Amino acid sequence: MSEKNARTLQDVVEAGNIVETLRNRQNPAYVVPVVPAEYSSWRLEQRAWRETAVLFDQSHHMDNVVLRGPDALRLISDTAINSVANFHVNVAKQYVPTSEDGYVIGDGILFREAKEEFLFVGRPPAGNWLRYHGATGGYSDLEIETDRRSTMNPMGQPVKRKYWRFQIQGPHAWPIIEKLNGGTMEELKFFRMSHMRIAGERVRTLRHGMSGVPGLELWGDYASYVKVREAIVAAGEEFGLRPCGGRAYPTNTLESGWIPDPLPAIYTGEGLRRYREWLPADSVEAIAAIAGSFVSPNIGDYYLTPWALGYGGFVNYDHDFIGRSALQRMDVKTQRRKVTFAWNTEDLTKIFSSMLMKDGVSYKYFDLPLANYGYFNFDTVLDAKGSHIGLSMWTGYSENERSALSLGVVNSDVEVGAEVRIIWGEPDGGSRKATVERHEQLAVRAIVSPAPYSAPARRNYQPGWRTASS
């Protein structure tokens, strides 16, 4: 079957080499839907989460999957590397599923809102995995409700979501939260849930802290979106709160150390055929583009283990789950691990200056503040001898660190402080993606650094949550 007539992801896989297909997808680079690109400037918005406070609007770019019934917890246990032994009501947990071969499908957050009700929030791959196994795995006492992420509608157009979702983060976050509450708020333990009232609305709360200091994630019925948002903005004005737009939002992870959107390990293996036949040909897994200098004809070379993404501490063998046997066979000591790469300023300047030269080399454009030009990004990382030792996967600029940074993975024997080379730009002048102009590659020097890179986040993050093993 040709891809033109494809109805499922399996059809797409069979139509040609899937790496080549995804490397030449014509869809534009990912942007956060609905939310304006900037409210002030992305530089001021980045500084706000470090210096004052920021309002993140997460209402539109993630799927919601509600699981209800006695079988909901069993589905989670059967598909997650995490233990559910202490997954109590009003507790949240990062959900990480793997394939039978032990490679990561995706991730997201699960909120236990009631004894038999869970809410998954995250990018589509992990949510799709939950939905598929819930529908096909014999869970008779299970109800699944899906609320897909918003389409790319301009701000102000009608958007129907089940929930709005905000975060108040930064060193002034807690005074703003207490002002909204009308009094002192108890600082719950990390990832514990409660309620509060904002503008007369009872809303859910999650103790969070993406900037390394206490903050809250908030959600409620979408009908109260405007009312609650206006109240938060008004309360935060005296504390320097800035709403964060779609340009700055995806760069906060450069400082906090979470690698978004790993390529789901689903494109190979006969055991996953039924899943690929379940996923439509217009799913994220089928249409999202691979970008970067790392090119392999084998899609499996893009797969990542939990340890590579900093999730090794979540792996718990107190339950049976998909991928358990494969993970037990892996040698933990030899697994790649998550790091931050701090880019060399002189080499970054070469990239920028090349676009001003009428004659001469043009390097791949480095967009600000997020430089990724595909949905799944993989740049080759080399050591001083020219050996391939890792991948750079999420690249951009931090105004707070005054540096270009990227998140990625390195071999287990690569030490923090080592100088490496990141190959910026695609081979042979670039792929046919709409986001790629003709260019030459550049070997950019970078220093292997901890993840999280931000010192406040590294000191104050909950141990084991999105943190590195380095």
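Keep in mind the model is a prediction, meaning the values are calculated, not measured. FYI, the numbering just counts along the sequence from 1.
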Could Arg112 and Phe120 be counted as a cation-pi pair, given that NZ or CZ must be under 6.0 Å from the ring centre and within 45° of the axis?
no

Relative to Tyr373, does Lys364 satisfy both conditions: NZ or CZ under 6.0 angstrom from the six-membered ring centre, and within 45 degrees of the ring's axis?
yes

Ser398 and side-chain hydrogen bond (donor to acceptor under 3.5 Å, both in side chains): which single residue from Arg47, Glu255, Gln46 fits?
Glu255

Partner of Asn128 under side-chain hydrogen bond (donor to acceptor under 3.5 Å, both in side chains), picked from Arg123, His133, Glu285, is Glu285

Do [X] and [Y] have side-chain atoms, one donor and one acceptor, less than 3.5 Å apart?
X      : Y      : result
Glu277 : Gln10  : no
Asn316 : Arg324 : no
Trp394 : Ser406 : no

Should Glu426 and Ser431 be marked as a side chain to side chain donor-acceptor pair (under 3.5 Å) after you check the CA-CA gap, both sets of side-chain angles, and the distance that decides it?
CA-CA 7 Å; Glu426 296 184 327; Ser431 62; 2.7 Å; yes

Hey, does the side chain of Arg197 reach the backbone of Gly200 with a donor-acceptor pair shorter than 3.5 angstrom?
yes

Given Trp219, Tyr222, Tyr225, the one that forms ring pair (Phe, Tyr, Trp, His ring centres under 6.0 Å) with Phe166
Tyr225

Does Phe366 form a ring pair (Phe, Tyr, Trp, His ring centres under 6.0 Å) with Trp343? I'd like the steps, not just the answer.
CA-CA 12 Å; Phe366 190 104; Trp343 286 38; 5.4 Å; yes

Which value, rounded to the nearest 0.5 Å, describes the distance between Ile168 atom CD1 and Trp174 atom CH2?
9.5 Å

